[in-house]
Every structure is written in C-alpha cells, then in structure tokens.
Asks: 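My questions will all concern the structure given below.
On a predicted model such as this, the values are computed, not experimentally measured, just so you know. Order of appearance sets the numbers: ligands from 1, and atoms from 1 within every ligand.
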Amino acid sequence: MGDEDWEAEIIKPHMSSYVPVFEKDRYSSGANGDTFNRTPASSSEMDGGPSRRDHFMRSGFASGRSLGNRDAGESNKRENTTTVGSFGAGKGFGNRDFSNKFEEGDTSGFWRGYQDGNDSEAPGASRRGGRGSFRGCRGGFGLGSPNSKYEQDEGTQRTGGLFGSRRPALSGAGNGDTYQSRSCSGSGRGGYKGLNEEVITDSGKNTWKSEAEGGEGGDVQGPKVTYIPPPPPEDEDSIFAHYQTGINFDKYDNILVEVSGHDAPPAILTFEEANLCQTLNNNIAKAGYTKLTPVQKYSIPIILAGRDLMACAQTGSGKTAAFLLPILAHMMRDGITASRFKELQEPECIIVAPTRELINQIYLEARKFSFGTCVRAVVIYGGTQLGHSIRQIVQGCNILCATPGRLMDIISKEKIGLRQVKYLVLDEADRMLDMGFGPEMKKLISCPGMPSKEQRQTLMFSATFPEEIQKLAGEFLKSKYLFVAVGQVGGACRDVQQTILQVGQYSKREKLVEILRNIGDERTMVFVETKKKADFIATFLCQEKISTTSIHGDREQREREQALGDFRCGKCPVLVATSVAARGLDIENVQHVINFDLPSAIDEYVHRIGRTGRCGNTGRAVSFFDPESDSHLAQPLVKVLSDAQQDVPAWLEEIAFSTYVPGFSGSTRGSVFASVDTRKNYQGKSTLNAAGFSSSQAPNPVDDESWD
Ligand SMILES: Nc1ncnc2c1ncn2[C@@H]1O[C@H](COP(=O)(O)OP(=O)(O)OP(=O)(O)O)[C@@H](O)[C@H]1O
C-alpha cells in the first residue's frame, strides 16, 4: 500500500469508543516505595540485588511475552468515552481491516518513510528541510468577527501563502474535535519551522510572519487565524491549584550547587529570608510552597541583587518561581504603573519561551504569584487570533509572556514598546538561543528601544546548557553574570527511573501497546519523532482502544489545547507528542514517559523524561533504542544514565563502546554538556550543597570533560 492510501486511512475520523481494560496491578505495584535517588554506595543493588530493570521486567514492563490479557481487555468493560479534541466523534475505522493495513504498511516501507520525517520536529539540523505534502487549505472556523478595531488586523492575518496552510477544507465546521490533522495534500511549505513552532525562516531568512501565527503581510493569503483561547480561571481555587511535592522533595537539599562569577550573594534558606512583601508571601503560601528548592535558594537572592543570571537545574525543580518571585518582588518594591488602557504598552518584564503551551503555563504562574497586586501579566502566542493578543495587551501589561514570533509581530505593530524593559527572561534558554530561535532573540535585543544589556537584567533558565550555547549567551548577559548549576548541568532528574529497551523499528508498536496495557490508566506521554508519526501512533492506539490524544505542530492551536486539557484531566491518559511537548510542561501525575523514538540529541532526551518525576515525585521513563538508528546516542545515554545513577544495560555499553568517539563529552550535535560555567575567566566559584553549606565534594569538571 502506498503512502497516499495510508493517508486516506488516517484522515478518516477515528472513534475511540472504548476505554481499554488495563492491567494496573502488574505495573504499578511496588513502584512507589522505590527510591530512585540512590547513591552509588547502594551498589549491592546494582551488583547482586534486584536491579530496577529487573523490577521492570518482573512487573511485565519489559517482558518479551505477548499480551496475556489482551483479548479479555478488549472484550471487557467498554465505556463509551471518546477522545474529544483528538479523535472526535463520528464514524470509526473498520478495526481489523485498519490494523491489517498498518501491518502491510510496515512491510511496504511506509513505516520507514515516517522515519525520514520531512515533518520532523527534532532539534538540530534535522529540523530543517523542505516540507511538502500533507498541507491543505484550512476550512476556517467562523468564530465570528472580533468586535474591535483590531478586526482589521485579522483581515490580513493569514496562514498559508508563503508557508502553505495547515488544514484541509474537509475539516468543515472546524470545531477542533475531529482528528484530521494530516489530511489532504496541499501547498507545500517551504520554510523551516523551528522545533517548537513559533519561528519560521524561509530559506534561512527569518521572518516574523510565521505560519503558526499568521503573517500580516498583504501578500500572504490563507484563512484567518481566529482561535481565541479560553480565558484563564478567575476563581482563587483554580488559580492556586497545585499538586503535592513528592517523597524526594527534601532530597533536593543534598544536590550540590555550584555558583560561579564574582561577588555572588549568599543563598537564602527560607522564603522569609527573601523578605518579600506580604501579598507575595500570601500567594506563595496559597500555592502550597513551604520550602525553597535549590535553584530558588540561589537564584532568588541573585536576582534580587540585580545580577544577571544563567541558571541550570534539573527538570521539575521550580525554575519558574525562581525567576518570577524576585521579579515580582522588585516590581512591588519599585512600584509600577498600574495597568491601564493604552495603545502602546511598555512592559517592565518580558518572558519568552519556545512553545505556546509552555508560555501559557508560565503566564498562569505569573498570574498566580501576582494575584492581588496591581501587576498585570499578559500572554501572547501564535496560533491564536492576533487581535485577541492585541486586545489583551492594550488593557495593560507589566509582564509580557510571549513566544518569539508573536512577540515580534506585536512589536512590529507598535503595540509593545521596549523602553521600560527591566527584566528579560529566556526560559529554556538553550533552546531560545540555538539555531532555531537564536536569530530571533538577537533581533529582539537589538529592537529599537530595547535597553542594552547593561541597562536591563537578563535571566536565563534551563535544565540543559550546552557549552556552545553558553558562549552565545554572553551576547545577552552582562559580563559579570552569575552562573548557578544545581547538580550536573544537563543531567537527568534522578527521580526518574530510566529504562532503555532494545526494540527494533518494526516491533515498537507491539511493545508500546504491551507497556501501555500494563501501565493501565496512569498518565503517560509517548514521544515520537515526527508529526506524522504522532498522528499515526495516536490513531493506532485509539484503534487498539487505548484512550489517546496527541499534540504536535500540525494540529490547530485549539486542538493542541484541547489535547493537553484532556490529558491533564485524565480523560485521555495517553498523550502522543513530538518534541513540542518535551520542554517545560508541568502536568500533574505524569507517571510515565515513553520514548517510542529517541530524539536525535541527548539534551532533548533529558527534557522529555523530565515531564515525569517532578517536584520530588517519582516517575518512570522507558525508551526504545533501535540500534539501526540510535547508535549515535549510545554514548551520551550511557553518560546520562550513569550520572543519574541508573542501571546501564550491558548491550548499551557495548554499542557505546563500539561507536566510541574520542573526545566525546556528552552530546550528539557538536555541543557538550558543560559540567560548569564554561567561562574561562571568572574568578569566584563556590560549590555548596543546596542547604547553602560549602562542600568538599565539589564535582570535578575534568571528570565530565574527560568522559572519553
Ligand atoms: N518551592 C516549591 N514548593 C512546592 N512546589 C514547588 C516549589 N517550586 C516549584 N514548585 C512546583 O514544582 C513544579 C515544577 O516547577 P517548574 O515547572 O517551575 O519546574 P522547572 O524547573 O521549570 O521544570 P522544567 O525544567 O521541566 O521546565 C510546579 O508544579 C511548581 O508549582
């Protein structure tokens, strides 16, 4: 069967009418008490005792046997739920038929075709490349016209044209509830769309008129982007809703922290020491924060002291509050002009992040911590109606949370002035500075009105900071910036139990289904490499009666948000995602991450598995390693696993050894995991544990740099 036939199959709206019966007990038993954060001293476990991997095997996770209960599972308990927002309601596939066709597809080379991924969302060079098929014209949603003067903006806000367009006419009413994101072929999309959606460059030239956001140029044709995201919650309970810290939260204190740069202020140990205003303290308490995480202990005083900062700390360890709280404290202290309607708003703080969902999450955090103050946070991102963004801004804007493309659109429309910017925050900073977003960030800092780096405070946060990105960051930061490294820069969160399984390309789906059935309805993110494959696997899982939704860059923003909402609330316990969901997303109760495809770069792996095991909670990550395609990752994977004190399979070590690259020190795209600040010329450097005490066990950078 050729590709087109497969497309024809996939575009049919698929109904997941049944919820599968899961085998919860086989996987979840005994998991919670397990402490993943073990030191090498517990080598008895590694040497002779039951290894974590053994535990996985015993629990059925990694077993080679077939699905014993599969039939029973399918015939039992069928609940009539649909995966709204993903696969929608309507007609179903003829199940067996469909399944068989997928099998044929495998052998006919279709499956392999997915690997080539001209729709890849993988980072690095592989993100680039032409995009041709599967772009059709969009049906349009007809939400009605915006009722303000900004309607005019929408008249020229289009998707398509230069970049092609995203949706097939057969979307009809386009209610976002049908799973049709890869439908009829249409105009090709020539430009590069960055991994995380927001930036389009056309033949290497950057442009703000991204497809995702709707270019405003009169020459750009295509349907309007009319999506208006739902307003954020207003009630206090929802604003302050949070999940509990986990059993390993207190163990954060044992992580070594290294601060480098001149005259670093001392860490604080408690929120009280930060001396924040009463309203902020109230909000912190309402958010359920009683104790600082290490990155907060160090970053808050540094930011309060007005210093520039590059901070690197493990996934899920509270970096967002680490920058929001001191910025808000400064704003409260300095007094800001209360928000009021103005055509040109001049925010004091701009926060940028690589994905729409992440920036929205940061906005909700900013809104939470600024509750009851006169600070107004606004969020703008692509895939939504431009007029809506403008309407949000003109009502007042002190903190602007934005994705890069939409930010530049708004600046070019002179709705945002930069003269008052005192704080510029790059979350997921390594991503914001890499070749996808770096040029846009450079343009941002050279925009008219943007205070020079000497006049603003620039803050960068991430869990990974490759060396070459640290060097680029120098352009944005004052030369005397401080660098905080909590634990190993680029290291994986130790609360995530990592398992690597050797699975060939053609066995992956079977293995996935086996694992998901064992997992039961615990929340699981399944990462795949391409958007096409995300659709394919999500459809396949629904067809297997596993309630699944998906998120990737070819889905409408409305659909993306719906998918995330369905996953968050547990309606769809499985979310198939591309790397667009790899960074930053903080979703309660994600217990598992499955790398159906490994990413091409190890830092992406670290971010992906960091969607679980957050804030002291434990989580599990299983990765399918296909020696055919993933051998280049063996070496960095072995390093990440051993740094996080995880079991390293012997076969992986063998592959790493056989693909040994002299001089390798941690990454796959020429970058290296810096163990510390890569500046050569700073003087002050202290290594402390997160409780703020000097440690004689400073990690030796040489160890990391001489991994070979
Ligand atoms: N001091 C604290 N006490 C309790 N919970 C906290 C604290 N700090 C942060 N959290 C919570 O921990 C979770 C993870 O925080 P956050 O999303 O900021 O992590 P992160 O370090 O930015 O992760 P990532 O690297 O994945 O972006 C959030 O739910 C946040 O509300």
Asks: For Gln244, enumerate each residue passing the side-chain hydrogen bond (donor to acceptor under 3.5 Å, both in side chains) test, keeping only those at least two apart in sequence or located in another chain.
Replies: none
Asks: Can you tell me which residue among Pro347, Cys349, Pro326 is in a side-chain contact (heavy atoms from CB on, under 4.5 Å) with Tyr423?
Replies: Cys349
Asks: Nearest 0.5 Å, what's the CG-OG1 distance between Asn275 and Thr270?
Replies: 10.0 Å
Asks: Does ligand 1 have an atom that lies less than 4.0 angstrom from a heavy atom of His607?
Replies: no
Asks: Any atom of ligand 1 sitting under 4.0 Å from a heavy atom of Ala313?
Replies: no
Asks: Less than 3.5 Å apart, any donor N or O on the side chain of Thr458 or Arg456 sitting next to an acceptor on the other?
Replies: yes
Asks: I'd like to check which ligand 1 atoms, numbered from 1 as shown, lie under 4.0 Å from a non-hydrogen atom of Tyr243.
Replies: 13 (C), 29 (O)
Asks: Where the closest heavy atom to atom 17 (O) of ligand 1 is concerned, which of Arg608, Lys319, Arg614 has it?
Replies: Arg614
Asks: Under 4.0 Å from a heavy atom of Glu428: give me the atoms of ligand 1 that qualify, with their elements.
Replies: 27 (O)
Asks: Can a donor-acceptor pair be found between the side chains of Glu365 and Gln361 at a distance below 3.5 Å?
Replies: no
Asks: Could you list which atoms of ligand 1 come closer than 4.0 Å to a heavy atom of Arg611?
Replies: 26 (O)
Asks: Identify, by atom number and element, the atoms of ligand 1 in contact range of Lys291, meaning under 4.0 Å from any of its heavy atoms.
Replies: 1 (N), 2 (C), 3 (N)
Asks: Do me a favour and list the nearest non-hydrogen protein atom to atom 29 (O) of ligand 1 with residue, atom name and distance?
Replies: Asp586 OD2, 2.5 Å
Asks: Could I get the full list of side-chain hydrogen bond (donor to acceptor under 3.5 Å, both in side chains) partners for Ser389, not counting sequence neighbours?
Replies: Arg406
Asks: Under 30°, 30 to 60°, or over 60°: which ring-plane class applies to Tyr289 and Phe369, parallel, tilted or perpendicular?
Replies: perpendicular
Asks: Looking only at distance, does Thr315 have an N or O less than 3.5 Å from an N or O of ligand 1?
Replies: no
Asks: For the pair Phe371 and Phe240, name the ring-plane relationship: parallel under 30°, tilted 30 to 60°, perpendicular over 60°.
Replies: perpendicular
Asks: For ligand 1, which atoms, with element, lie under 4.0 Å from some heavy atom of Gln314?
Replies: 21 (O)
Asks: Among protein heavy atoms, which sits nearest to atom 23 (O) of ligand 1, and what does the distance come to when rounded to 0.1 Å?
Replies: Gly316 N, 2.8 Å
Asks: As an exercise, identify every atom of ligand 1 less than 4.0 angstrom from a heavy atom of Gly584.
Replies: 26 (O), 27 (O)
Asks: So which bit of Gln296 gets within less than 4.0 Å of ligand 1, heavy atoms only: side chain, backbone, both or neither?
Replies: side chain
Asks: Between Ser623 and Asn595, do the side chains contain a donor N or O and an acceptor N or O under 3.5 Å apart?
Replies: yes
Asks: For the CD1 atom of Ile284 and the CG atom of Leu276, what is their distance to the nearest 0.5 Å?
Replies: 5.0 Å
Asks: Does any N or O of ligand 1 fall below 3.5 Å from an N or O anywhere on Gly610, backbone included?
Replies: no
Asks: What protein heavy atom sits nearest atom 31 (O) of ligand 1, and how far off is it?
Replies: Tyr289 OH, 2.6 Å
Asks: Which of these passes salt bridge (charged side-chain N to carboxylate O under 4.0 Å, His left out) with Glu357: Arg560, Arg555, Arg611?
Replies: Arg560
Asks: Under 3.5 Å, N or O to N or O, is Gln361 touching ligand 1 that way?
Replies: no
Asks: Any heavy atom of Phe461 sitting closer than 4.0 Å to ligand 1?
Replies: no
Asks: Closer than 4.0 Å to some heavy atom of Thr320 - which atoms of ligand 1 meet that?
Replies: 16 (P), 17 (O), 18 (O), 22 (O)
Asks: Which of the numbered atoms in ligand 1 are below 4.0 angstrom from a heavy atom of Thr245?
Replies: 4 (C), 5 (N)
Asks: So is there a nitrogen or oxygen of Cys615 less than 3.5 Å from a nitrogen or oxygen in ligand 1?
Replies: no
Asks: Indicate whether the side chain of Asp235 and that of Ser238 have a donor and an acceptor atom separated by less than 3.5 Å.
Replies: yes
